[in-house]
Protein chains: 2
Amino acid sequence: MAKPRHSRLDCNPGCAVEATLRLIDGKWKGVILFHLLDGTARFNAIRRRIPGVTPRMLTNQLRELEQDGLILRQVYAEVPPRVEYSLTERGRSLAPVLEALRSWGDANLALFGAAPPPPAVAAA
Amino acid sequence: MAKPRHSRLDCNPGCAVEATLRLIDGKWKGVILFHLLDGTARFNAIRRRIPGVTPRMLTNQLRELEQDGLILRQVYAEVPPRVEYSLTERGRSLAPVLEALRSWGDANLALFGAAPPPPAVAAA
DNA sequence: CAGTATCCCTGGTGATACTG
DNA sequence: CAGTATCACCAGGGATACTG
């Protein structure tokens with residue numbers, strides 16, 4: 001890798017949580033990783049699965065994921081160009097994390113609108 | 001809650017992942033939640049456990065977590081003021097997620113420096 | 001003790017257009 | 001097809017000082 005990208009973490013307990021978060025955070029990374037769990041995909045294929053992402057952002061996020069060793073970028077020297085993205089072993093090892101995130105989301109965010117909390121107890 | 005805070009999610013598969021990430025992302029939220037797993041804590045107590053966080057940011061993050069129904073803010077009308085933060089049921093239900101994040105982090109980020117990937121296979 | 005109030009700055013993200 | 005290049009915006013976050 002070129003630069004660490006991840007500035008500095010004040011390593012308390014909980015540091016590992018933050019560190020992991022940094023890797024999968026970033027507006028599209030979660031979705032990208034999640035889709036790649038299904039298998040290898042090409043740039044525009046991923047793009048089509050994520051409405052709203054611009055090529056610039058998609059490239060950006062993919063490169064960061066690659067830098068972090070989570071995905072593999074396979075370039076085939078063909079014409080027309082073909083580039084395939086897939087999870088590395090390390091990326092695939094995130095599956096339980098992603099699954100935990102997804103299932104919590106499913107259970108707790110009715111859909112995504114965030115209808116948050118059942119009222120809290122009174123006390124004082 | 002006042003405003004949804006969470007603009008809009010393009011709900012594909014993977015949406016739930018993103019949605020959950022939005023709740024626990026935010027530079028200090030992971031650490032905060034993690035510390036609160038230990039039990040109730042006061043403002044300055046939390047602050048002391050997180051070197052580098054400013055009061056402004058701590059307040060900010062705590063308020064967002066509260067808005068999202070993950071933590072409970074107990075204000076005691078005393079002097080000197082006392083405010084205690086604790087996880088709600090919903091917040092506590094994040095424990096497995098946080099644990100997944102933490103254990104992945106422990107296993108995969110040697111410490112936090114991010115010494116990423118064992119070299120990939122060659123192919124083309 | 002538990003915050004607010006201000007100022008400021010960076011960088012993450014969007015829009016659009018162009019290319020090997 | 002798979003990106004780059006450029007411009008621009010503004011929300012997130014840091015520093016510092018003040019308050020009920």
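Chain letters run A, B, ... following the sequence lines, proteins first, then strands; residues in each count from 1.
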What pattern of brackets, bars and dots sums up DNA chain D from 5' to 3', given Watson-Crick or G-U wobble pairs under 3.5 Å, [ ] for crossing pairs and | for another strand? ||||||||||||||||||||

Can you list the residues that meet the side chain to side chain contact (heavy atoms under 4.5 Å, CB included) rule with B/E84, with sequence neighbours excluded?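 B/E84: side chain to side chain contact (heavy atoms under 4.5 Å, CB included) contacts with B/T40, B/R42, B/Q74, B/Y76, B/R82.
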
The criterion is side chain to side chain contact (heavy atoms under 4.5 Å, CB included); which residues satisfy it with B/V83, sequence neighbours excluded?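 Scan of B/V83 (side chain to side chain contact (heavy atoms under 4.5 Å, CB included), adjacent residues dropped) gives B/R73, B/V75, B/Y85.
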
Which residue is it: B/L87, B/L36, B/I24? I am looking for the one with a side-chain contact (heavy atoms from CB on, under 4.5 Å) to B/L94.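 Among the candidates, only B/I24 passes.
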
Those residues of residues 52-61 of chain B lying under 4.0 Å from DNA chain D by at least one heavy atom: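 Residues of residues 52-61 of chain B under 4.0 Å from DNA chain D: B/R56, B/M57, B/Q61.
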
Donor-acceptor contact present, side-chain [X] to main-chain [Y], <3.5 Å:
X      : Y      : result
A/N108 : A/W104 : yes
B/T88  : B/L70  : yes
B/R90  : B/D68  : yes

I'd like to check A/I46 versus A/H35 (side-chain heavy atoms, cut-off strictly below 4.5 Å). Are they in contact?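 Answer no - side chains too far apart.
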
Heavy-atom side-chain contact between B/L65 and B/K29 under 4.5 Å: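 Yes - at least one pair of side-chain heavy atoms lies under 4.5 Å apart.
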
Going 5' to 3' on DNA chain C, which nucleotide is the first and which the last to come under 4.0 Å of a heavy atom in chain A?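 Result: C/dT13 to C/dG20.
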
Between D/dG13 atom P and B/I32 atom CD1, what is the distance in whole Å?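 Value for this atom pair: 11 Å.
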
Show the numbers, then the answer: is there a salt bridge (Lys or Arg N to Asp or Glu O under 4.0 Å) between B/D38 and B/R49? CA-CA 12 Å; B/D38 287 348; B/R49 302 189 69 172; 3.4 Å; yes

Set of salt bridge (Lys or Arg N to Asp or Glu O under 4.0 Å) partners for A/E99, sequence neighbours left out: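 If we apply the salt bridge (Lys or Arg N to Asp or Glu O under 4.0 Å) test to A/E99, skipping adjacent residues, the hits are A/R102.
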
